[in-house]
*Asks:* 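I have a structure here, written as structure tokens, and I will follow up with some questions on it.
Ligands are counted one by one from 1 in listed order, and the atoms in each one are counted from 1 as well.
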Amino acid sequence: MKRSKYRLPLSQRIYLIAILKGMGITARHFFTNLLRPGRMPNVGYPEKRRNYSPRFRGLQILTVKPNGEIRCTACMLCATACPADCIHITAAEHPNPEVEKFPKEFNIDMLRCVFCGMCEEACPVDAIRMGTRYELANFERNQFIYTKDDLMRAGNYTQSRVTRP
Ligand code: SF4
Ligand code: SF4
């Protein structure tokens, strides 16, 4: 097979133009940011935190009734709708005969959660909502299992008053 006689010029063979272009872009951004720091798109985390949209889907919150009781009726709809199978509920009979059931245990495995919001959509009594907490890093796998108490602590939600953490 005959070899092509075409050869790249030296500047292209040593990627000189690409390197110079890259350095030019870096220098442009460096001096722009130096002279106009207010226009930098980064946030000085963790000293400063970005305000996310209220529609942001972070750690779930279990809402409470005005009397402070958990709103969840352990109907399992959220667990059934969850595509990641990360909600585990143990239902129990409520001492109040007017309330049928409540969740004795309500755990969410945040290592499996994909933050799709299906649990929030499926709940018929507005007992679970996607909160705005996003700092969920941890060291042990079992620390990613959020219990009922953790999820109730995650926000102060009643039907009439919404306070996002
Ligand atoms: S956000 Fe999606 S994946 Fe996470 S618990 Fe809810 S339904 Fe499951
Ligand atoms: S959070 Fe809502 S959907 Fe899930 S078990 Fe409780 S009441 Fe049912």
Side-chain angles (χ1 to χ4, degrees), residues 18 22 25-26 28-30 32-34 36-165:
I25 292 170
T26 306
R28 176 159 53 85
H29 284 294
F30 174 75
T32 309
N33 292 339
L34 198 68
R36 285 189 284 183
R39 289 192 55 184
M40 274 198 278
N42 56 335
V43 175
Y45 182 87
E47 287 80 19
K48 289 185 187 162
R49 283 175 165 77
R50 192 178 152 191
N51 287 326
Y52 283 89
S53 155
R55 290 163 56 197
F56 176 81
R57 297 195 200 120
L59 179 68
Q60 291 82 349
I61 290 165
L62 288 177
T63 63
V64 294
K65 297 175 192 169
N67 65 3
E69 277 185 12
I70 191 164
R71 192 171 284 278
C72 174
T73 56
C75 69
M76 310 283 176
L77 279 175
C78 55
T80 308
C82 176
D85 193 22
C86 59
I87 302 179
H88 304 283
I89 303 169
T90 308
E93 227 173 89
H94 200 278
N96 180 354
E98 287 178 10
V99 183
E100 197 185 334
K101 284 186 298 174
F102 80 106
K104 194 168 71 173
E105 284 179 342
F106 193 118
N107 296 337
I108 301 185
D109 183 348
M110 294 310 291
L111 283 180
R112 297 187 66 139
C113 178
V114 293
F115 301 93
C116 64
M118 293 295 284
C119 47
E120 186 185 54
E121 295 291 326
C123 182
V125 292
D126 192 24
I128 186 165
R129 290 191 194 175
M130 302 303 290
T132 52
R133 185 173 151 200
Y134 54 87
E135 289 160 315
L136 303 176
N138 243 318
F139 294 101
E140 305 281 336
R141 289 185 77 84
N142 61 8
Q143 289 172 334
F144 288 90
I145 311 280
Y146 283 76
T147 64
K148 184 173 88 172
D149 289 342
D150 298 332
L151 297 168
M152 285 173 73
R153 262 202 300 272
N156 178 16
Y157 272 170
T158 64
Q159 197 77 347
S160 54
R161 190 164 62 91
V162 177
T163 315
R164 292 207 176 238

*Asks:* Please determine whether a side-chain nitrogen of the Lys or Arg among Arg49 and Glu135 lies less than 4.0 Å from a carboxylate oxygen of the Asp or Glu.
*Replies:*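 Yes, charged N to carboxylate O under 4.0 Å.
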*Asks:* Can you list the atoms of ligand 2 that are under 4.0 Å from a heavy atom of Ile89?
*Replies:*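 Those of ligand 2 that fall under 4.0 Å from Ile89 are 5 (S).
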*Asks:* Name the orientation class of the two ring planes belonging to His94 and Phe102 (parallel below 30°, tilted from 30 to 60°, perpendicular beyond 60°).
*Replies:*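 Rings of His94 and Phe102: perpendicular, over 60°.
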*Asks:* Taking 4.0 angstrom as the limit and counting only heavy atoms of Pro83, give me the atoms of ligand 1 inside it, by number and element.
*Replies:*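 Checking each atom against Pro83, I get 7 (S).
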*Asks:* Between Arg57 and ligand 1, find which residue part has any heavy-atom pair under 4.0 Å and reply side chain, backbone, both or neither.
*Replies:*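 Near ligand 1, Arg57 shows nothing, with every heavy atom at 4.0 Å or more.
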*Asks:* At a non-hydrogen distance cut-off of under 4.0 Å, which region of Val125 contacts ligand 2 (side chain, backbone, both, or neither)?
*Replies:*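 The part of Val125 near ligand 2 is the side chain, not the backbone.
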*Asks:* Please list, in number order, the atoms of ligand 1 under 4.0 Å from a heavy atom of Met130.
*Replies:*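 Numbered from 1, ligand 1 contributes 1 (S).
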*Asks:* Sub-3.5 Å donor-acceptor pair from the side chain of Gln143 to the main-chain atoms of Glu140, do we have one?
*Replies:*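 Looks like yes, one N/O pair under 3.5 Å.
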*Asks:* Which one holds for Ile87 and ligand 2: side chain close, backbone close, both close, or neither close, with close meaning a heavy atom under 4.0 Å?
*Replies:*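 Within the 4.0 Å criterion, Ile87 makes no contact with ligand 2.
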*Asks:* Name the closest protein heavy atom to atom 8 (Fe) of ligand 2, giving the residue it belongs to and the distance to 0.1 Å.
*Replies:*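 Among all protein heavy atoms, the one nearest atom 8 (Fe) of ligand 2 is Cys75 SG, 2.2 Å.
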*Asks:* Taking Arg133 for its side chain and Leu59 for its backbone only, find out whether a donor-acceptor pair lies under 3.5 Å.
*Replies:*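 No: the side chain of Arg133 does not pair with the backbone of Leu59.
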*Asks:* Verify side chain to side chain contact (heavy atoms under 4.5 Å, CB included) between Gln60 and Met130, making sure each step is shown before the conclusion.
*Replies:* CA-CA 4 Å; Gln60 291 82 349; Met130 302 303 290; 3.7 Å; yes
*Asks:* Under a 4.0 angstrom heavy-atom cut-off, which atoms of ligand 2 come close to Cys78?
*Replies:*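 In order of numbering, the contacting atoms are 1 (S), 3 (S), 4 (Fe), 5 (S).
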*Asks:* Below 4.0 angstrom from a heavy atom of Phe115, which ligand 1 atoms are there? Numbered from 1 as shown, please.
*Replies:*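 Per the distance check, 1 (S), 4 (Fe).
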*Asks:* I'd like to check which ligand 2 atoms, numbered from 1 as shown, lie under 4.0 Å from a non-hydrogen atom of Ile128.
*Replies:*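 What qualifies from ligand 2 is 1 (S).
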*Asks:* Checking contacts here: is it the side chain or the backbone of Ala81 that comes within 4.0 Å of ligand 1, counting heavy atoms only? Could be both or neither.
*Replies:*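 Ala81 to ligand 1: no contact under 4.0 Å from either part.
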*Asks:* Report the part of Met76 in contact with ligand 2, treating N, CA, C, O as backbone and CB onward as side chain, heavy atoms under 4.0 Å; options are side chain, backbone, both, neither.
*Replies:*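 Just the backbone.
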*Asks:* Mind checking whether Cys86 contacts ligand 1 via backbone (N, CA, C, O), side chain (CB onward), both or neither, at a 4.0 Å heavy-atom cut-off?
*Replies:*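 Only the side chain of Cys86 comes within reach of ligand 1.
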*Asks:* Out of all atoms in ligand 2, which are within 4.0 Å of some heavy atom of Thr73? Include the element for each.
*Replies:*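 Taking each heavy atom of Thr73 in turn, ligand 2 has 6 (Fe), 7 (S) under 4.0 Å.
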*Asks:* Could you check Tyr52 against Thr132 for side chain to side chain contact (heavy atoms under 4.5 Å, CB included), going step by step and ending with a plain yes or no?
*Replies:* CA-CA 7 Å; Tyr52 283 89; Thr132 52; 5.6 Å; no
*Asks:* Among all protein heavy atoms, pick out the one at the shortest distance from atom 7 (S) of ligand 1; state its residue, atom name and that distance to 0.1 Å.
*Replies:*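 Protein heavy atom with the smallest distance to atom 7 (S) of ligand 1: Cys119 N, 3.3 Å.
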*Asks:* What I'd like to find out is whether the side chain of Arg50 reaches to under 4.5 Å of the side chain of Phe56, using heavy atoms alone.
*Replies:*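 A side-chain contact under 4.5 Å is absent here.
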*Asks:* Is there a side-chain contact between Thr73 and Glu100 (heavy atoms, below 4.5 Å)?
*Replies:*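 Sidechains of Glu100 and Thr73: no contact.
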*Asks:* Tell me the nearest of Cys123, Cys113, Gly117 to atom 4 (Fe) of ligand 1, using heavy-atom distances.
*Replies:*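 Closest candidate by heavy-atom distance is Cys113.
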*Asks:* Going by the order shown, which atoms of ligand 1 are within less than 4.0 Å of some heavy atom of Gln60?
*Replies:*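 Those of ligand 1 that fall under 4.0 Å from Gln60 are 1 (S), 4 (Fe), 5 (S), 6 (Fe).
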*Asks:* Under 6.0 Å from the CE atom of Met110, do we count more than 12 heavy atoms belonging to anything else shown?
*Replies:*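 Check passes, neighbour count above 12.
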*Asks:* What are the atoms of ligand 1, with element, lying closer than 4.0 Å to any heavy atom of Met118?
*Replies:*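 Near Met118, meaning under 4.0 Å from one of its heavy atoms, ligand 1 has 7 (S).
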*Asks:* Compare all side-chain heavy atoms of Arg39 with those of Thr32 and state whether any distance is below 4.5 angstrom.
*Replies:*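 Answer no - side chains too far apart.
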*Asks:* Less than 4.5 Å apart, side chain to side chain, heavy atoms only: is that true for Cys78 and Phe106?
*Replies:*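 Yes, at least one pair of side-chain atoms sits under 4.5 Å.
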*Asks:* Please write down residue, atom name and distance for the protein heavy atom closest to atom 6 (Fe) of ligand 2.
*Replies:*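 Ranking protein heavy atoms by distance from atom 6 (Fe) of ligand 2, first comes Cys72 SG, 2.2 Å.
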*Asks:* Can you tell me which residue and heavy atom of the protein come closest to atom 2 (Fe) of ligand 1, and the distance to 0.1 Å?
*Replies:*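 Going by distance alone, atom 2 (Fe) of ligand 1 is nearest to Cys116 SG, 2.3 Å.
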*Asks:* Any idea which atoms of ligand 1 are less than 4.0 Å away from a heavy-atom of Val114?
*Replies:*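 That gives atoms 3 (S), 4 (Fe) of ligand 1.
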*Asks:* Without swapping roles, check the side chain of Lys101 against the backbone of Ala74 for a donor-acceptor pair under 3.5 Å.
*Replies:*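 Yes, Lys101 side chain to Ala74 backbone: donor-acceptor pair under 3.5 Å.
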*Asks:* Would a 4.5 Å heavy-atom cut-off, applied to side chains only, mark Leu111 and Ile145 as touching?
*Replies:*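 Not touching, per the 4.5 Å side-chain cut-off.
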*Asks:* Give a yes/no verdict on whether any heavy atom in Ala74 is under 4.0 Å from an atom of ligand 2.
*Replies:*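 Judged by the 4.0 Å heavy-atom criterion, Ala74 does count as contacting ligand 2.
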